[in-house]
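Structure first, commentary second.
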Amino acid sequence: MNAFDLGEFEKEAQEQWTHAFESNPSKLEKCYLTVAYPYPSGAMHVGHGRTYIVPDVIARFWRMRGKQVLYPMAFHVTGAPVIGISKRIANKDPKTINLYRDLYKVPQNVLDEFADPLTIVRHFASEYQRVMTACGISIDWRRRFTTVDPTYSRFIEWQWKHLYEAGHVIKGAHPVRYCTVDDNPVGDHDLLEGDTAEVIRFTLVMFQYSDAFIPTATLRPETIYGVTNLWANPNVTYVRALVDGSAWIISKEAAEKLALQDHTVEIKEEIAGRDLIDKMVSHPLCGNVPVLPADFVDPDMATGLVMSVPAHAPFDYIALRDLQNAGKYAYIKPVPLIRVEGYGGIPAQDAVERAGITHQMDNRMDALTQEIYSAEFSKGRLFEKYGGKPVRVARDDVAVLMIEKYGSKIMYEFDTRPVVCRCGNRVKVKILHDQWFLKYSDPEWKKQVSSHLSDMALVPPEVRLEFERTVDWLKDWACTRRVGLGTRFPWDPTQLIEPLSDSTIYMAYYTIAHKIREIDPKLLTPEVFDYIFLGKESADLPEKKKLDSMRVEFLYWYPYNYRFSAKDLISNHLTFQLFHHVAIFPKDKLPQGMVVFGMGLLNGAKMSSSKGNVFLLEDAVRDFGADTVRMFLMGSAEPWQDFDWRNELVVSTKKQIERFFNTVIESKDAAGEPHDIDRWLLSRLQAHIERTTEALSNFQTRQALQEAYFGIDTDLKWYRRRLPENIDGSRDLHTLCSVWIRLLAPFIPFTAEHLWKKIAGEGLVSFSPWPVADKRLVNTRIELAEELLSRTVEDIESIEKLIQITPKSITISVAPAWKHEIFLQIANAHDRTTVIKEIMKDDTMRRRGREATDAAKQCTTLIHRLPPQVVESLAREPINEAQVFEAAKKFLEKEFGVLVHITDAESGKHVKAATALPFKPAIIFE
RNA sequence: GCGAGGGUAACCAAGUGGUCAACGGUGAUCGACUCAAGAUCGAUUCGCGCAGGCGUUCGCGGGUUCAAAUCCCUCCCCUCGCACCA
């Protein structure tokens with residue numbers, strides 16, 4: 001059967017591969033590759049395909065190079081997303097139903113089961129395995145697990161015991177975005193609006209108002225000395241509430257918020273905003289000030305009341321000025337308290353007037369506020385009578401003073417609003433207690449990670465800086481959750497370990513996953529894992545024999561050689577796993593390298609499941625064949641670059657595979673005697689082998705394909721052109737095919753497996769030895785001769801096209817010996833600018849005069865234009881050009897259909913002959 | 001805003017001082033084969049040129065150099081990350 005049928009090849013190979021990639025410790029050197037396991041909440045698209053195919057190509061490459069390769073896979077099912085999905089499906093949310101039923105093509109009877117979240121991940125996990133297998137990904141499936149397996153939970157508990165004992169896990173309180181309807185913290189992806197909002201810490205300044213307090217929130221407590229009034233919104237209903245037992249006047253919204261931030265709040269009565277206007281309030285640091293009306297005061301911002309510092313806040317300045325322009329409160333004057341370079345006595349006035357702002361609603365107001373805020377913070381200094389400290393110092397000092405002496409409290413609030421939950425409710429800030437953290441901020445821990453990072457191999461090298469910044473920047477990570485799937489947190493079983501935190505050292509678990517299943521989870525105490533992973537002996541270990549065999553696995557495989565993952569995981573997962581590894585494992589078991597992937601585009605637009613802009617991997621395999629999908633994904637971009645899936649390109653990739661297939665089928669039985677051109681072909685092949693090997697060693701899948709496919713294909717074109725008439729390919733083509741199939745086997749394993757059977761008879765190409773370049777077959781003489789010939793052919797073609805006449809004959813005039821001498825001298829010269837003078841010192845050259853200097857100049861230009869390797873070879877050993885052309889005379893005459901003469905330029909009469917240079921003969925049309 | 005990466009001909013993309021008018025691939029045009037279509041093969045694809053050449057190009061502008069897509073500076077634009085989420 002010689003037909004090109006990818007589907008047939010796939011069936012053939014799958015039968016032989018069933019258990020082929022199961023990998024056990026052996027005498028061979030190991031190579032352990034791991035990729036971030038998927039969260040199977042939907043169908044795989046071609047972007048996922050690339051994520052798993054890249055490591056597979058690398059795995060297949062190293063396997064052929066004789067290493068014991070481990071490439072395992074598992075499924076991450078802990079976390080909350082699937083819970084939301086199952087709820088939405090149960091509630092018949094049309095968008096979700098559409099996604100799962102129509103796009104992911106989940107059968108209705110399965111969809112009905114999706115009310116149970118675990119069913120969803122189980123369903124898609126088996127789909128993943130099926131499609132990965134269809135793509136030919138060489139995974140050891142015996143080691144498959146999910147993160148809710150009881151044995152895995154025991155492993156996580158063991159890990160956390162160590163983290164805890166090392167002081168990396170701490171308990172604290174923490175302000176979070178919170179939805180009171182869902183009764184849960186709100187993540188970025190759960191926000192309808194306000195995803196850029198940050199939680200800011202405000203100081204509440206407590207103004208005395210008769211028997212109650214009016215708290216105003218500020219970021220600038222030091223400006224208390226310049227307060228001239230408070231602002232209240234006359235159209236808002238405020239409340240009088242008992243907050244921690246004392247009476248506060250605040251907005252209704254504020255009462256609700258404060259109740260979430262460690263305060264007991266009891267609303268007593270409502271107070272109309274207008275009833276507060278013109279009332280006097282006081283604070284020990286600013287004395288008595290009035291409450292003034294302002295429509296801009298937002299009851300949903302902090303306490304709903306604010307203090308006014310017109311000298312330093314542009315908003316306050318304009319609001320006051322507007323009231324005064326209406327003839328009111330003329331007695332109030334801005335009170336400056338900060339001196340700052342670049343501004344006059346009243347900075348807010350200065351800035352507003354300079355910007356020409358006349359109106360409260362001017363959209364430059366925010367920028368102006370920010371400008372003054374920054375200027376005063378970085379360069380401002382309080383007046384002597386207020387202590388004379390720089391603002392950056394005074395701000396904290398005054399805040400502390402207020403909290404200690406004047407009853408101030410802290411209130412958390414967003415910097416921009418509104419912030420709205422997916423459920424439609426306004427998000428608030430809540431202080432969460434009993435929240436546990438991984439202390440990634442710990443400088444000592446960071447230092448260990450940095451130090452290890454500097455020893456790691458990172459691909460591509462540019463990501464190193466990003467990793468370093470991430471390690472610096474990481475803060476404490478909240479590592480427990482209240483909802484979702486996962487392992488219970490050992491010190492508070494009401495909480496779960498957060499899903500990113502349980503996925504940090506699972507690469508070690510793969511080494512034992514297929515064996516630990518045989519042990520009752522109840523027996524898996526921390527001591528058991530201490531033995532397997534750390535070699536710590538202890539009494540009464542169960543199932544010692546099994547443990548020993550797991551210890552052997554771990555010691556053989558670990559540490560992993562490379563971890564593959566998309567670049568968006570640098571700032572969390574990829575860095576987290578380094579923290580956890582350095583915390584748990586000894587130095588010789590720490591990760592050795594990481595490869596970071598780019599993103600996937602579909603026809604130029606970002607791939608996104610939620611937007612429906614995806615091409616399902618299964619459909620791609622069905623429509624184009626697994627090898628086509630693989631070769632396209634590997635060849636269209638290097639792994640770390642973004643790739644763009646476009647059907648038209650995929651179609652042409654399939655044609656390329658077919659061309660390769662046909663070439664091998666046609667050539668594999670060639671038996672002719674080899675000619676010089678065969679020697680050329682094999683010589684070139686050695687370079688392709690070398691460069692493909694180097695590219696794959698560096699994870700450059702695209703570069704490797706350029707060499708292994710297009711490089712060889714181009715050579716074959718020249719080869720066929722040069723083959724003497726009536727002569728078939730030689731038996732060397734068989735050698736070439738054998739090499740070519742193996743070079744392409746990591747990329748298109750199905751086709752390769754099929755062809756290998758045809759050419760080698762038995763054995764799997766997946767386990768056959770990777771080709772090694774044979775130096776003895778490299779023949780630079782022949783390569784140089786062909787280079788000269790093809791360049792000359794190109795020249796003749798371009799002249800022929802230009803002058804548009806059919807010549808009767810073509811004469812090729814090779815350069816005379818003395819020009820070769822000049823060429824050599826220049827090529828070997830250290831300083832090419834002075835070499836011409838050196839040449840002209842020679843008598844015979846000087847006698848040639850101008851002719852010689854011109855030739856020297858032309859040679860210099862030519863040398864710059866030729867590839868350095870060519871110049872180098874020529875300099876080492878010049879070739880006999882006349883001989884090369886004589887040998888190719890028949891070929892040239894066939895190519896151009898006219899008589900071809902070869903002459904020495906000196907003996908030719910034609911003026912053109914004088915232009916002959918080494919490696920660039922004169923061409924004369926007659 | 002902060003951090004990282006990037007802008008190359010119709011499109012994708014290689015290329016980090018002279019091998020560069022710029023690899024390779026797509027698309028397009030022409031030609032061969034064919035009754036025809038498809039597939040396949042060959043040629044062309046910045047401008048000019050009836051002799052292998054010249055001119056102008058690598059986000060914009062400026063600089064360094066005998067020589068710049070490549071090094072330096074200003075600016076413009078794009079992508080990714082900025083966390084309690086996989």
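Base pairing annotation: A39(B) forms no Watson-Crick or G-U wobble pair, as no partner gives both donor-acceptor distances under 3.5 Å. Across all strands shown, G27(B) forms a Watson-Crick or G-U wobble pair, both distances under 3.5 Å, with U45(B). Across every strand in view, C58(B) sits unpaired, with no contact that passes the Watson-Crick or G-U test at under 3.5 angstrom. The base-pairing partner of C82(B), taking Watson-Crick or G-U wobble contacts with both distances under 3.5 Å, is G1(B). Across all strands shown, nothing is found opposite C50(B) as a Watson-Crick or G-U wobble partner with both distances under 3.5 Å. If you check U65(B) for Watson-Crick or wobble pairing at under 3.5 angstrom, you find it has no partner at all.
Here G42(B) presents its C1' atom at 14 Å from CD of Glu794(A), a figure rounded to the nearest Å. One interatomic measurement links the two molecules: CZ of Phe896(A) to C1' of G52(B), which rounds to 12 Å at whole-angstrom precision. Rounded to an integer number of Å, the gap from Phe579(A) CZ to A83(B) P is 17 Å. Protein atom CG of Leu705(A) is 16 Å distant from nucleotide atom P of A13(B), rounded to whole Å. Protein atom CZ of Arg691(A) is 18 Å distant from nucleotide atom P of A14(B), rounded to whole Å. Between the CD1 atom of Ile497(A) and the C1' atom of C85(B) there is a distance of 17 Å, rounded to whole Å. Distance Asn662(A) CG to C41(B) C1': 13 Å, rounded to the nearest Å. Between the P atom of C80(B) and the CZ atom of Phe467(A) lies a distance of 18 Å, rounded to the nearest Å.
The separation of G25(B) from G15(B), taken at their C1' atoms, amounts to 15 Å, rounded to a whole angstrom. C12(B) sits 14 Å from U79(B) when the P atoms are compared, rounded to a whole Å. U16(B) sits 14 Å from C23(B) when the P atoms are compared, rounded to a whole Å. Here the separation of C48(B) from G52(B), taken at their C1' atoms, is 16 Å to the nearest Å. Nucleotides C58(B) and C46(B), compared at atom P, are 15 Å apart to the nearest Å. Separating the P atom of C60(B) from that of A9(B) is a span of 10 Å, rounded to the nearest Å. Of the C1' atoms belonging to U57(B) and A10(B), the separation is 16 Å, rounded to the nearest Å. Rounded to whole Å, the P atom of C41(B) lies 38 Å from the corresponding atom of C80(B).
With respect to the salt-bridge test (charged N to carboxylate O, under 4.0 angstrom), the residues Asp472(A) and Lys446(A) do not qualify. A salt bridge links Glu786(A) to Arg722(A): at least one charged side-chain nitrogen sits closer than 4.0 Å to a carboxylate oxygen. Lys439(A) has no carboxylate O lying under 4.0 Å from a charged side-chain N of Asp476(A), or vice versa, which leaves the two without a salt bridge.
For Glu462(A), the side-chain atoms get nearest to G5(B) when compared with the rest of U26(B), A86(B), G5(B). Here G3(B) is the nucleotide among G3(B), G24(B), U26(B) with the atom lying nearest to any side-chain atom of Arg469(A). Considering only the side chain of Gln706(A), C23(B) comes nearest among A83(B), C23(B), A4(B). Distances were taken from every side-chain heavy atom of Asp795(A) (C-beta onward) to each of A51(B), G52(B), A14(B); the shortest belongs to G52(B). For Asn572(A), taking side-chain heavy atoms from C-beta onward, the closest of the listed nucleotides G52(B), C85(B), A51(B) is C85(B). Of the listed nucleotides (G52(B), C85(B), C80(B)), C85(B) has the atom at the smallest distance from the side chain of Pro81(A). Closest to the side chain of Leu500(A), out of A86(B), G52(B), G42(B), is A86(B). Among the nucleotides G81(B), A86(B), G52(B), the one closest to any side-chain atom of Ile923(A) is G52(B). Between C82(B), G25(B), A51(B), one nucleotide has an atom nearer to the side chain of Phe925(A) than all others, and that is A51(B). The Ile799(A) side chain lies nearest to G52(B) when the options are C82(B), G52(B), A13(B).
The 5' end of RNA chain B is approached more closely, in terms of each residue's nearest nucleotide, by Pro921(A) than by the other of Pro921(A) and Glu498(A). Nearest-nucleotide positions on RNA chain B for Glu797(A) and Asp476(A) put Glu797(A) closer to the 5' end.
For the pair Gln641(A) and A14(B), the criterion of a side-chain N or O lying under 4.0 Å from OP1 or OP2 is met. Within the structure, a side-chain polar atom (N or O) of Gln656(A) is placed less than 4.0 Å from OP1 or OP2 of U26(B). Between Arg659(A) and C41(B) there is a side-chain polar atom (N or O) within less than 4.0 angstrom of OP1 or OP2.
Shortest non-hydrogen contact noted between Lys894(A) and Leu723(A) is NZ-O, 3.6 Å.
Base engagement by Lys475(A) is indicated by at least one non-hydrogen atom pair under 4.0 Å involving a base atom. Across all strands, Ala922(A) comes closer than 4.0 Å to base atoms (heavy-atom distances). Thr480(A) comes within 4.0 angstrom of nothing in the nucleic acid, heavy atoms only. As judged by a 4.0 angstrom heavy-atom cut-off over every strand, Leu569(A) is placed among the base-contacting residues. In this structure, Leu474(A) reaches the bases: a heavy-atom distance under 4.0 Å links it to at least one base atom across the strands shown. Contacts of His76(A) with the nucleic acid, taken as non-hydrogen atoms under 4.0 Å apart, involve only primed sugar atoms and P, OP1 or OP2.
Looking at Thr147(A) and Tyr506(A), their side chains never bring a donor and an acceptor atom within 3.5 Å of each other.
A 4.5 Å side-chain heavy-atom check between Val427(A) and Tyr178(A) finds every atom pair outside the cut-off.
Atom CZ of Arg482(A) is surrounded by more than 12 heavy atoms from other residues, nucleotides or ligands within 6.0 Å.
For Glu638(A) (side chain) and Arg702(A) (main-chain N/O), a donor-acceptor pair under 3.5 Å exists by modelled atom type.
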Apply the test salt bridge (Lys or Arg N to Asp or Glu O under 4.0 Å) to residues Asp795(A) and Lys920(A): give CA-CA distance (whole Å), side-chain angles for both, the deciding distance (0.1 Å), then the verdict. CA-CA 9 Å; Asp795(A) 273 357; Lys920(A) 197 167 177 60; 3.0 Å; yes

